[in-house]
Structures are given as structure tokens and as C-alpha cells.
There are 2 protein chains.
Amino acid sequence: MNEKTTETGAGRRELLRARLIDIAQETIAAQGLAGLKARDLAAAAGCAIGAIYTAFDDLDELILRVNARTLARLETALDRALGDAEAEQALQVMARTYLDFARAEEPSWRALFEHRLPPGAAPPQWYVDARNRLFNRLDAPLSRLLPGTGHWAREAFARTLFSAVHGVVALGLEEKIAETPPKLLDDQLEKLVRIIADGLMMESARLI
Amino acid sequence: MNEKTTETGAGRRELLRARLIDIAQETIAAQGLAGLKARDLAAAAGCAIGAIYTAFDDLDELILRVNARTLARLETALDRALGDAEAEQALQVMARTYLDFARAEEPSWRALFEHRLPPGAAPPQWYVDARNRLFNRLDAPLSRLLPGTGHWAREAFARTLFSAVHGVVALGLEEKIAETPPKLLDDQLEKLVRIIADGLMMESARLI
DNA sequence: TCAAAAAATGAACTATGTTCACGACCTGGT
DNA sequence: ACCAGGTCGTGAACATAGTTCATTTTTTGA
């Protein structure tokens, strides 16, 4: 009984789904979102084009699955980095980890932001949840830096902070001509976060 | 001599170019980058599909022309806002103007960042220049805020600052589910810039 | 006035996501 | 063991893109 090679039954469909996500993930990691083609995907998975559409509604859903995995890896990287970090260094560590992740997995990371749903389509709940989990990672460190701040305000500012760091990383890695030199980008991000941390301290001091 | 309606000679080609850019600009402003289709464009311009390719190398070139105009409008908005602003408010004014512009011309503004050249292709020099002009707008205000900073450092930080503001605006207007409430986004951007300005003051104070 | 050069034309080509009629296959009941 | 019914996979065909190119039309310059 070689149930390993010739799986049958309800698991068959799930197996195809997993295989397609795996291949799509590799393709996006290697060639970016634009490198993902339905026909190539089918060929690599050894199935017909139409089979993709029995496993997924469309390529968008498949891309969201790949993006969810990328988000999960990013979360893991942030958690690991934050695990062994001083509280006052948490912001620096997070920003730097984000930059490192973007560099290490640039095409996959880019796919998170390049991908657009067709106009009017709402992303599925499971994807929204994955995104929110990422923002929530920033909440704990921020609460140690900003005690006495309400949940609402902290959550909003966590998002703002993430957005600012993301902007610096995104435009810094954009290579429309000459990408920002790595060392310069490192320094600029570190400087920005330091300045923000200083500004936050002043903000707190004013309230005392 | 109705040279107005039936222009002939060397200007004819230039006329078609201008018409196509105008129509593409309107299309992108109304329906975003994804709404720009070669066939619709030709129909609206009253020419054959092939004529587009006698006026431009490809649609990418046309899009870059439209984007250059958007950059120019953004520059104008920044200049006007900075014209009547106190030096110490320059950063706030710029950030707010950028947010207002993005809101007022969201599809056009989005096209600036959504558009991707085919891999390996370098953007033409005239487009690079247009982009750099934008960053240079931030240099003058920054030099008043950070006297004694070298040209290099100021230019680099201007870019970083722009990137941070852009990140907050870009992710704030992203409406993958529920766009950030306008008032909240206003406040968050104002808060971030205030914190950065405070942090910059501390930075300066340390050096004295 | 006309021949050569330039531009415009639009059908055709390529590439891509998606659908669908058909056939193969699995499942459960007998 | 076998069959009926449903599910799944197939790949040709469809829809929609950008782009090309042989042909036709227009413009130019002598």
C-alpha cells in the first residue's frame, strides 16, 4: 500500500493545493510576482491548467496564500529578534529586522505590496487576520515604551510606526536607477528610529 | 488657412503625442493605471492602435510621461504650500500637503508607485530628473531646520523623511479592508512629524 | 508633378487568465 | 464484484491584453 505516492480520497485535492502553493512560493521567491504564470505553474505541478481552478478560485487566492506564508515568516523573524532584545532597543531591533527580511526575501516581500485585488474585491478574512497579527507584534514592545497610553492610541501609532519604517525600506530598496547604498540605508533607518524614539521620550516628558 | 484643425508637417506627430498623453492622464486619473488600455486609448484619440507605437516606444513610455506630469503637479502643490509657511512648520506643511495631494489625486498618485518597468529596463533620464527634483524640494526647508549639516547628510535624510511620510500615507490610504479613518490618519501623520521634529531638536541639542 | 520617405492602419501574433464540455475516476450501496 | 452518480482533471477554446508588420495613405522635397 503505497499511500504515499498515490494518495486517494478527500486528501487528494488538499495535496494539489499544497503542491501549487509550494511551487508558487518558490516561483515568487525566485522571479517575483510577475514571474507567476498559470501555464508554467501547471507544468511544474504536473497538472492541467484547469486543475488550478479546481483547487483555487483564481490566481489571486493562490497569491494570497503565498503572501500569508511570507507574513508568517516575517512574524517569526520579528519574534525571534525581539525575544533577545532590551525593551528600549525594541524599536531599533524591529526596524532592522524588517529591513533584513526585506533584503533577504525581496521578491516575496515585494509581492506583499505589489499584489492588488480586482477593484471592489475584499480580501478574505483569514488574510486580514494574518496582516493584523503582524501589527499586533508591535503593540507589546510599544506598550513597554509608552506606559499609560491607551490601547487605541497605541494600536494606531504602532501602525503608523510600521508604515514609516516600511516606507523607508520600500523606497530605499527601490532600484529605479541606483538603489540606495546598503550601508547608507542601514544608517538612515537607524537614525530615523533613534530620532523617533527621542521624540517619543520628549512627548512623554511633556506629560509629566 | 486652418492650421488649427489640420496641422501638417513636423508638428503632427507631436500633436498626437500630446493628445495621447492627455487622454492617458485623464484615464489614469479616473480609473487608475489598470484602466489604461491600448485599444480604448486609440479609440478615444481617434487613431489606430498602431499609431500609439509611432508616437511612443510602448505604453510604459506613455505612462512615464503621465507620471512626470503628476510629479510636476505634486511639486507645484509643495511649492505653493511651502511658500507661505514658517520655517519650523515646513515639515508639517510638507507632510500634510503630500497627504492632501494623495487624497485629491489618488489614482494618479498611486500610478507613480504601482507602475513597474520590465525587469532590467532603466527609466529614462528625464524621468529620473523629475523624481530628483521632487526630493530637492525638501532640501531647502531642511537646511533651515538643520543648519550645520552637510549637503550629503541633508540630502540623504530628506529622502528618508520623504519615505517615512510616504509610507504612512500609502499604507493609510490602502483600503484592503477598511481604510484608516481620515481624521485618524491626519492626526497620526501630524503626530509622527511632530515627534520627528522633536527628535531632531534633541539631536541638534546634543551636539552643542 | 511625382517619386521617395514617413506615418497611419488594423489584422494578426503573442501572451495571459479563465471557462467549460467531456471523459476519467473515485465512492458507496447492493 | 459491480454499477450508478457524483466529483475531479483535462486541455482546447475563449476573452483580453500589448505589440508587430505588410500594406495603404499621406507628406515631403526636388
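Note on naming: letters A, B, ... go to the chains in the order of the sequence lines (proteins, then strands), and numbering restarts at 1 for each one.
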Given atom CD1 of B:Ile52 and atom P of D:dC21, what is their separation to the nearest angstrom? 17 Å

Is the phosphate of D:dG9 approached by A:Thr54 (side-chain N or O, under 4.0 Å from OP1 or OP2)? yes

So, A:Gln92 and A:Arg194: side-chain donor and acceptor under 3.5 Å apart, yes or no? no

When you get a sec, tell me which of C:dT9, D:dG9, C:dA8 is the closest nucleotide to the side chain of A:Ala51? D:dG9

Can you tell me the distance, in whole Å, between the CZ atom of B:Phe56 and the C1' atom of C:dA8? 15 Å

Positive for side chain to side chain contact (heavy atoms under 4.5 Å, CB included) with B:Gln25, one of B:Leu20, B:Val66, B:Thr70: B:Val66

How many Å lie between CG on A:Leu41 and P on D:dT10, as a whole number? 13 Å

For each nucleotide in nucleotides 13-25 of chain C, reading 5' to 3', give B when a protein heavy atom comes within less than 4.0 Å of its base, S when such contact involves only the sugar-phosphate, and - otherwise. ---BBBB------

Within 6.0 Å of CZ in B:Arg80, more than 12 heavy atoms from elsewhere: no

Distance to the ring centre below 6.0 angstrom and angle to the axis at most 45 degrees; does that hold for B:Arg73 and B:Trp109? no

How about B:Arg103: does its CZ atom have over 12 heavy atoms from other parts shown lying under 6.0 Å from it? yes

Nucleotide D:dG18, atom C1' - distance to CD of B:Glu61 in whole Å: 15 Å

Check whether more than 12 heavy atoms from other residues, nucleotides or ligands sit under 6.0 Å from atom CH2 of A:Trp152, and answer yes or no. no

How close or far is atom P of D:dT27 from atom CG of B:Leu16, stated in whole angstroms? 14 Å

Between P of C:dC26 and CG of A:Leu15, the distance in whole Å: 14 Å

